[in-house]
Trainee: 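Can you read through this structure? Questions will come right after.
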Amino acid sequence: TGVDLEGKLSRFHALMMFTKVDKSLNLQQKFQVAMRSMAKHGRFLEDEMLVLHYVSDVGSQELGEKMLPELLLEATFRYEVVFHNVDALTEKLFPIVEAMQKHFSAGSGAYYSDAIFFLSVAMHRIMPAELKRIVQLDLDLKFKSNIRDLFQEFNHFPYEAVIGIAREMQPVYRHTFWQYRKENPKSRVGDPPPDGLPGFNSGVMLLNLDAMRRSTLYNQLLEPEQVARLAEKYHFRGHLGDQDFFTMIGMEHRELFYPLSCGWNRQLCTWWREHGYGDVFQLYYHCDGPVHIYHGNCNTPIPDD
Ligand code: UDP
Ligand code: MN
């Protein structure tokens, strides 16, 4: 086709955290499954291109550059690969997210290197303004559907929504909100679906960067005083980074979030079933409808089917 088509291509952006991959065979295997299944099921139009962004250290980037051509051999669509240096992004991110780190990170201090776990939260301030939408994905995923269909979900966002995200499928936030739930026994915070608010899982996220930039409310919620206010109100103390932040502000402002169906992030981890929540586990874990993406979280094997 035409040589000057490049400028007219419509681009679909996906981003993955990709650090210490050169040091972990386990992560390399997950990466292979994710990329091969994405290539296998991906279908795009002639004038479209998938742009794959990886946030990497030097060693992981070298490995990624070596592995990707083979992993994407089956792809029938155009794609482009962009590596972002994790240290450069961390430097921009840290001042924005430093204050929230103490509420949503493991341990007591706000470690500089942990800032990257909050990338999605401030992505709209880090990425260039030309980037209007991006999907952030974990590496421990297996695609069963066309990733292009995931991007179509952006078109269903109501006006106030800034992020599309699926619910958490374990009672982890029932646990986190324990004290708040005791003080507010009628509240739906931490309750299971369909009527409750089980919180979010960050394995698959649709970030409408334009809407995030535009939303006065969302940007106010990033301010340290606002984070502290809500953390106090909900007695929130977590260690899961961005997904804790989104879960907490989602309890207060549901309109900011477009709920992705559970099939777009079918989590498989069952850790909380064996740790005090066996009686209610199934209420959270249950997911009807087609599975588009399996998420083998907490190192759970993904079925070969
Ligand atoms: N990750 C990474 N390097 C690491 C650990 C994690 O790049 O050493 C990225 C990777 O994209 C991974 C994501 O961080 O999918 C979240 O971690 P993980 O999926 O293991 O968490 P879980 O879903 O089990 O909570
Ligand atoms: Mn994961």
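Counting starts at 1 for both ligands and their atoms, following the listed order.
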Trainee: Under the criterion side-chain hydrogen bond (donor to acceptor under 3.5 Å, both in side chains), which of Arg125, Gln226, Arg213 is the partner of Asn219?
Mentor: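 Per the side-chain hydrogen bond (donor to acceptor under 3.5 Å, both in side chains) rule, the option paired with Asn219 is Arg125, out of Arg125, Gln226, Arg213.
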Trainee: So is Cys298 polar-close to ligand 1, meaning N/O to N/O under 3.5 Å?
Mentor: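 Min N/O separation from ligand 1 is below 3.5 Å for Cys298.
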Trainee: Does some non-hydrogen atom of the protein lie less than 4.0 angstrom from atom 6 (C) of ligand 1?
Mentor: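 Under the 4.0 Å cut-off, atom 6 (C) of ligand 1 has no protein heavy-atom neighbours at all.
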Trainee: I'd like to check which ligand 1 atoms, numbered from 1 as shown, lie under 4.0 Å from a non-hydrogen atom of Phe18.
Mentor: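 Numbered from 1, ligand 1 contributes 7 (O).
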Trainee: Counting each atom of ligand 1 from 1 as listed, which ones have a heavy atom of Asn297 under 4.0 Å away?
Mentor: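 The list of qualifying atoms is 22 (P), 23 (O), 24 (O).
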Trainee: Which of the atoms of ligand 1 are close to Thr19, meaning less than 4.0 Å from one of its heavy atoms?
Mentor: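 Within the 4.0 Å cut-off of Thr19, ligand 1 contributes 2 (C), 3 (N), 4 (C), 7 (O), 8 (O).
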Trainee: Measuring from Gln243:CD to Glu168:CD, what's the distance to the nearest 0.5 Å?
Mentor: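 If I round to the nearest 0.5 Å, the distance is 5.5 Å.
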Trainee: Can you label the angle between the His275 ring and the Trp271 ring as parallel, tilted or perpendicular, going by 30° and 60°?
Mentor: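 Rings of His275 and Trp271: parallel, as their planes differ by under 30°.
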Trainee: What atoms of ligand 1 come within less than 4.0 Å of a heavy atom belonging to Asp138?
Mentor: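 So the answer, numbered in order with elements, is 13 (C), 15 (O), 16 (C), 19 (O), 23 (O).
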Trainee: So which protein heavy atom does atom 11 (O) of ligand 1 come closest to, and at what separation?
Mentor: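 Ranked first by proximity to atom 11 (O) of ligand 1 is Met17 O, 2.8 Å.
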Trainee: Should you measure from each heavy atom of Leu27, which atoms of ligand 1 turn up under 4.0 Å away?
Mentor: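 Here the atoms of ligand 1 in question are 3 (N), 4 (C), 8 (O).
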Trainee: Strictly by modelled atom types, are Asp140 and Tyr294 linked by a side-chain donor-acceptor pair under 3.5 Å?
Mentor: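 The criterion, which ignores hydrogens and geometry beyond distance, is not satisfied for Tyr294 and Asp140.
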Trainee: Where's the contact between Val21 and ligand 1, heavy-atom distance under 4.0 Å: side chain, backbone, both or neither?
Mentor: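 No part of Val21 comes within reach of ligand 1.
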Trainee: What residue and heavy atom of the protein are closest to atom 12 (C) of ligand 1, and at what distance?
Mentor: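 So the nearest neighbour among protein heavy atoms is Leu139 N, 3.9 Å.
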Trainee: Among the heavy atoms of Gly203, does any lie under 4.0 Å from an atom of ligand 1?
Mentor: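 No.
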Trainee: Examine the side chains of Gln28 and Gln32 and answer whether a donor and an acceptor come within less than 3.5 Å of each other.
Mentor: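 No pair is found: no donor N or O on one side chain lies under 3.5 Å from an acceptor on the other.
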Trainee: When the ring planes of Tyr234 and Phe177 are compared, do they come out parallel, tilted or perpendicular, using 30° and 60° as the limits?
Mentor: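 Ring orientation, 0 to 90° scale: perpendicular.
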Trainee: Do Tyr54 and Phe31 touch side chain to side chain, with heavy atoms closer than 4.5 Å?
Mentor: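 Yes; the side chains approach each other to less than 4.5 Å.
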Trainee: Taking the N/O/S atoms of Asp138 one by one, which is nearest to the Mn ion (ligand 2)?
Mentor: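 Result for Asp138 and the Mn ion (ligand 2): OD2.
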Trainee: Once you round to the nearest 0.5 Å, how far does CE of Met127 lie from NZ of Lys132?
Mentor: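 If we round to the nearest 0.5 Å, Met127:CE and Lys132:NZ are 14.0 Å apart.
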Trainee: Would you call the rings of His175 and Trp272 parallel, tilted or perpendicular, taking 30° and 60° as the class edges?
Mentor: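 Judged by the thresholds at 30° and 60°, the geometry between His175 and Trp272 is tilted.
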Trainee: Has ligand 1 got any nitrogen or oxygen that is less than 3.5 angstrom from a nitrogen or oxygen of Asn299?
Mentor: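 In fact, backbone or side chain, Asn299 has no N or O that close.
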Trainee: Can you label the angle between the Tyr218 ring and the His124 ring as parallel, tilted or perpendicular, going by 30° and 60°?
Mentor: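 Geometry flag for His124 against Tyr218: perpendicular rings.
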Trainee: With a 4.0 Å cut-off on heavy atoms, is His295 in contact with ligand 1?
Mentor: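 Heavy atoms of His295 do come under 4.0 Å of ligand 1.
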Trainee: Under 3.5 Å between some N or O of ligand 1 and some N or O of Met16?
Mentor: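 No, Met16 has no N/O under 3.5 Å of an N/O on ligand 1.
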Trainee: Return the closest protein heavy atom for atom 20 (O) of ligand 1 as residue, atom name and distance.
Mentor: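 The answer is Asp140 OD2, 4.4 Å.
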Trainee: Given OD1 of Asp140 on one side and NE2 of His295 on the other, what angle do they make at the Mn ion (ligand 2), to 10°?
Mentor: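 With the Mn ion (ligand 2) as the vertex, the angle is close to 90°.
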Trainee: To the nearest 0.5 Å, what is the distance between NE2 (His292) and CG (Asn146)?
Mentor: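 Result: 11.0 Å between the selected atoms.
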Trainee: Do you see a protein non-hydrogen atom under 4.0 Å from atom 24 (O) of ligand 1?
Mentor: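 It does; a protein heavy atom is within 4.0 Å.
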